[in-house]
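This report concerns only the one structure given below.
Being a predicted model, the structure only gives us computed values, none of them experimental.
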Amino acid sequence: MLSEPPAGALRIRDLGPLEVERAGTPVGLGGTRLAAALSLLLVNAGQHVGVDSLSDAMWGAQSPARSPSTLDSHIWRLRKALEPQRERGRPSSVLRHDHGGYRLVPDTVSVDSARFTAAADETRELLATGRAADACRCAERALGLWRGRPYAGFADKPWAVATVARLTEVRDQLRELQADALLRAGSPERALLALGPGLADTPLRERLWALRMLAQHRLGRAEESLRSYTEVRTVLLDELGLEPGPELRELHGRILAEDPALVGPAPAAVADGPPAGPAPAPTAGERPVEGASGEVHLPHRTSALVGREQDLAELVREVPRTGLTTLVGAAGCGKTRLAVEVARTLADRFPGGVWFVDLTATRDAGSVLSAVMSALASGPADTARPGEALRGFLRDRRALLVLDNCEQVLDPVAGLVDDWFRGPSRLSVLATSREPLEVDGERVHPVGPLAVPTDLDDASTSPAVALLLDRLASAGADREDLGLLTAAVRIATAVDGVPLALELAAGRARAFTLEEIAHQVTADPSQLARIGRGSDHHRTVRAAIEQSYAALPPDEAAVHRSVSALPGPFSVAAADAVHRGSEADGDLEETGNLVARLVHHSLLVPVGPARPGGPSLFTQLTTIRGHAGHAAAAEADRLRRSRDSWVIGLVRDKPPLGHVTESAWFDALDDDLPALRATLQHLLMEAPSAEGVWLAGRLGSFWYFRSKSVEGRFWAERALEHEHLADPLSAALVRLTLAHLLSSAALRDLADPHIGTALASLDASGHATTRTVVESLTLLTHSLAIAGGVERAREVAERVRTVADTGDEPELHLFAEICAAHLVSGDGLTTDEDLAALHRRALDLGNVYVALLAAGTAVIAAIRDGDPARGLAWSDRMVAHRLTLGNTDGPVAFELRGLVTAMSGRPREAVRLFSAARTQALRNGLRWPAAEPTASVLAEVTRSLEPAEAERLRAAGATLTLADVLPGPRAAEAAPA
């Protein structure tokens, strides 16, 4: 019988938060590192624990290398806490040095987990020998040792997981033994009370439900007992899609039949007598193997499979030809539903039977084997070698096994499947998992979210919308409602087309309007939970993802949480910044490995590079990001700061305007555009700050050259709302940026006040001569000149000239000359020779932007002079320079080329080019047309064509890019080094 430790003994309470006592007095360990070391030693009590393992437990596997003396000093402190009276120089009796490590001597200390396990064995023995009353007392005292999750704080460490799982299982078994003992001792009322906590914690343990039904029956509550059966059946169907097992079914039948053998004993008569109650039903493993030709054992599904027609057809074709096919995808993507439908469709092609095996509750090789045997409703005759017997049972059958939810038992399942296919076999296995089994011959079939519509026009063909509409109709939604389709598109898009989220969202239609559901899932799709009954074992989106997250090692779990601060596709560089902190030394290779592992676990989706030669990008599904955000709640502020600091650093690295390296800077911003937008959102709207205004003031060229003028205007306007927070230079740069973008959109009247305010502020603050300001003024002069604001453009250009004349920087003189060329070219005062010289000097100095402007001005001059050949040559250079700067859009370049082409007598090509110019200008909020002759020339070339042909050319032109106009070799020729 469980007894208390001897007086004065050292006692360690490890069934909950770690506590140490001596003679009933708490002993402080002095920090989490010593607690971690002691926990590791306890998990391996009596066994050697190496110094590397101890160091990893105390400081983490990624910590800097520690010297042996550092570890020894900590172990000395631990020994001091455990044995304060030990004489100096005398060996420790509790914690011994052991050949490059240490060993905890179990006999010298009373450890609660050891006493707990021994008490469970004793309870089982007492019960088996008919001493029910003693078994009750032993179980009750043992359960009193349980204070919570063992080794709390370290329970999820890789070295503790198995021990924690074992002790939790011992706890669950003890609860069953206690209730069984109470029933045998004639105390059904106490048994019923004792069963409550166990059923709350482990509602899928059928033995607990059987004991509850028996206790209720013996208390004369037959109706409650039958209701309990209905309740457990509902739970098992909802969570597992399975009917109750044989023990519950048999007990249910006996209760209905009022079997007199179920009557319990009187307490006094059987306190120490033989066990009472029904004999346990034989388990699946005790029944002989029976032939099952043509049997189909699959979960019942009432809802239609929607949106997976292509997957279904491919799998129906391939599964019979393949030994192992694994459906791999993120939580909630519908792998189980698809697997069941594939198996049902193929049933007549597997005369040996079709079986569904749910591995959700399995945790090791033994439980996996048991689950398979239970699902087959058969067991091997050779119980000493069940694996071999099962292989023999399956070897000659043309059968299909569906192994569902393999992710938490990958190694045991892989070993079992590999064993089945070691020799010739007619068996086919269809597995579902969040990562591949990695068995030879495995065929992996990815199962991703259903496709969402890119716009409302595609809604009718979107599988995600089709699934949602089907489930909404089942929930009573009116398909004739005009707002139904729009709301369905919003919901489907908000949840990234994840089927589980769509199903759960549809289930809310009886309680909420579609607009409310759309708002809910947009805010956080991971919060979706099942309302009422359902056959899917995932009751919430977040819980479905938690299973994958809980199995991650700490470093992968940290990246999963960290990238929740990156709402959208991101690069490994961005992931590294938020994971390690922008100020830390990055390790892109290690972070890349962690990202790849999360892809392997279906917690990240690879989306590929955004551009040729660009870095691979990754994203979290919105449901997964919602889970990660909740998991990272305590560190959310730090992650946002890391992201924002990294983005600010990226922007701070901006090259000088027009340098070839500016294209790479544009690319870097585009690669992680969602992170840039999230930082602007945070620093200008959620928590307005000087950093946000600074950022908006340095992004003007990016927004302009990467065709994001409308977005740039939005952020610049937000920044102006908080310009009082920023330094004068940043505030002025925001106004100049906004004025440039407004002028480019032919909104010169709106731009003018910002120009005046910015120039006055720069004069007052002494920042008017900085290089950054000159670059902004050069951009502004160009847009003002095109918009017809000659006077204001002249004023701005004069400022550029003044700054250039006060220094000897060649590029500033280039800026001044190109500004002057904008203003005089319309009057014929700039010759082609002057522009050619300016163009050549710009290229010699490596400033492609000035070369681009010189080429554009030369095209305008050629058009004015009626020289299309010269205009086309300069147009080639203009397009080539834009491509060098990484631009594929260029409405002005297209428009000028259209004019030159029309002059050359090629109306068809001109219509295409004008269509490209118009499409890109309107898409980017820019002025159309920008050149005065365009309207009349466009009308003329259009009239020269048949209406149908003109329409066809306009449609073709709407998709053109500059790379289509000037392919690589010609672009290289047009832009001399």
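Side-chain contact check for F666 versus F705: some heavy-atom pair is nearer than 4.5 Å. Residues T942 and E951 have side chains not in contact (no heavy-atom distance under 4.5 Å, counting atoms from C-beta outward). With a 4.5 Å cut-off on side-chain heavy atoms, R918 and E895 do not count as touching. The shortest side-chain heavy-atom distance between N847 and F815 falls under the 4.5 Å cut-off. With a 4.5 Å cut-off on side-chain heavy atoms, Q681 and W715 count as touching. Looking only at side-chain heavy atoms (C-beta outward), P606 and S616 stay at 4.5 Å or farther from each other. Counting heavy atoms from C-beta on, the side chains of D671 and R611 come closer than 4.5 Å. Counting heavy atoms from C-beta on, the side chains of L845 and V850 never come closer than 4.5 Å.
Within the 3.5 Å criterion, the main-chain N or O of V774 finds a donor-acceptor partner in the side chain of T778. In this structure a side-chain-to-backbone donor-acceptor pair under 3.5 Å is missing from T919 to A916. Between the E775 side chain and the P656 main chain, no donor and acceptor come within less than 3.5 Å of each other. Without hydrogens or angle criteria, R954 side chain to S915 main chain gives no donor-acceptor distance under 3.5 Å. Counting only distance, with no hydrogens or angles, the side chain of S936 and the backbone of P933 share a donor-acceptor pair below 3.5 Å. No donor-acceptor distance shorter than 3.5 angstrom exists from the side chain of E798 to the backbone of R794, with no hydrogens or angles considered. Between the D865 side chain and the D867 main chain, no donor and acceptor come within less than 3.5 Å of each other. Counting only distance, with no hydrogens or angles, the side chain of R625 and the backbone of Q620 share a donor-acceptor pair below 3.5 Å. The backbone N or O of V848 sits nowhere less than 3.5 Å from a side-chain atom of H659 that would complete a donor-acceptor pair. Looking only at distances, no side-chain donor or acceptor of E590 sits under 3.5 Å from a matching main-chain atom of D576.
Counting only N and O atoms by type, the side chains of D644 and T679 include a donor and acceptor under 3.5 Å apart. For R748 and S743, the side-chain atoms include no donor-acceptor pair closer than 3.5 Å. Under the 3.5 Å distance criterion, with hydrogens and angles disregarded, a donor-acceptor pair is assigned to the side chains of R698 and S730. For the residue pair T591 and H579, no side-chain donor N or O sits within less than 3.5 Å of a side-chain acceptor on the partner. For the residue pair S709/N924, the side-chain donor-acceptor check at 3.5 Å is not satisfied.
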Exercise. Given F702 and L676, is the side chain to side chain contact (heavy atoms under 4.5 Å, CB included) satisfied, shown in steps?
Worked result: CA-CA 12 Å; F702 169 69; L676 172 60; 3.9 Å; yes
Problem set entry | Chi angles and distances behind the salt bridge (Lys or Arg N to Asp or Glu O under 4.0 Å) call for R792, E795 | CA-CA 5 Å; R792 181 63 93 173; E795 176 187 355; 2.9 Å; yes
For this session: Might you work through the side chain to side chain contact (heavy atoms under 4.5 Å, CB included) test for L838 and L814, ending with a clear yes or no?
Result: CA-CA 8 Å; L838 179 58; L814 279 180; 3.5 Å; yes
For this session: Let me see the working for F570 and L617 under side chain to side chain contact (heavy atoms under 4.5 Å, CB included), right down to the final yes or no.
Result: CA-CA 5 Å; F570 56 83; L617 302 180; 6.0 Å; no
Problem set entry | Verdict with reasoning, T781 to H822, per side-chain hydrogen bond (donor to acceptor under 3.5 Å, both in side chains) | CA-CA 8 Å; T781 301; H822 288 320; over 6 Å; no
Exercise. Step by step, would you call L729 with T772 a side chain to side chain contact (heavy atoms under 4.5 Å, CB included)?
Worked result: CA-CA 10 Å; L729 175 59; T772 305; 5.8 Å; no
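The CG atom of L762 sits 11.0 Å away from atom OG1 of T757, with the distance rounded to the nearest 0.5 Å. Separation of atoms NE2 (H682) and CG (L680) is listed at 12.0 Å; rounding is to 0.5 Å. Within the model, atoms CG of L566 and OG of S571 stand 8.5 Å from one another, a figure rounded to the nearest 0.5 Å. Between the CG atom of D805 and the CG atom of L812 there is a distance of 10.0 Å, given to the nearest 0.5 Å. In this structure, L720 CG and H754 NE2 are separated by 6.0 Å, a value rounded to the nearest 0.5 Å. The CZ atom of R771 lies 11.0 Å from the OG atom of S776; values are rounded to the nearest 0.5 Å.
More than 12 heavy atoms of other residues, nucleotides or ligands lie within 6.0 Å of CD in E721, so this atom counts as buried by the packing criterion. Within 6.0 Å of CZ in R908 there are 12 or fewer heavy atoms belonging to other residues, nucleotides or ligands.
Residue R706 forms a side chain to side chain donor-acceptor pair (under 3.5 Å) with just one option from T888, D667, D889, and that option is D667.
The minimum heavy-atom distance linking V607 with F618 is given by the pair CG2-N, 4.0 Å. When every heavy atom of S944 is checked against every heavy atom of P907, the shortest pair comes out as OG-CB, 3.5 Å. When all heavy atoms of V800 and C819 are compared, the closest pair comes out as CG2-SG, 4.2 Å. The minimum heavy-atom distance between G700 and T737, with the atom names listed, is CA-CG2, 3.6 Å. The two residues L779 and S701 have their closest heavy-atom pair at CD1-CB, 4.3 Å. Nearest heavy atom pair, residue A893 against residue L962, reads CB-CD2, 4.3 Å.
The side-chain hydrogen bond (donor to acceptor under 3.5 Å, both in side chains) contacts involving residues 758-770 comprise D763-R799, where partners must be two or more places apart or lie in separate chains.
By the 4.0 Å N-to-carboxylate-O rule, R640 lies close enough to D637 to be salt-bridged with it. Using a cutoff of 4.0 Å between basic side-chain nitrogens and carboxylate oxygens, R677 and E711 are scored as salt-bridged. A salt bridge does not link D672 to R643: none of the charged nitrogens lies less than 4.0 Å from a carboxylate oxygen. Using a cut-off of 4.0 Å between Lys/Arg side-chain N and Asp/Glu carboxylate O, E909 and R912 are scored as salt-bridged.
By the 30° and 60° cut-offs, the orientation of the rings of Y704 relative to H782 is perpendicular.
Taking the ring centre of W694 as origin, the terminal cationic atom of R652 falls inside the region bounded by 6.0 Å and 45° from the ring axis. For the pair K654 and W665, the cation-pi test (distance below 6.0 Å, angle within 45°) is passed. Seen from the ring of W874, R877 counts as a face-on cation partner, given the 6.0 Å and 45° thresholds. Note that R718 lies in the cation-pi zone of F714, set by a 6.0 Å cut-off to the ring centre and a 45° limit from the axis.
In this structure, H881 has its ring center under 6.0 Å from that of H839.
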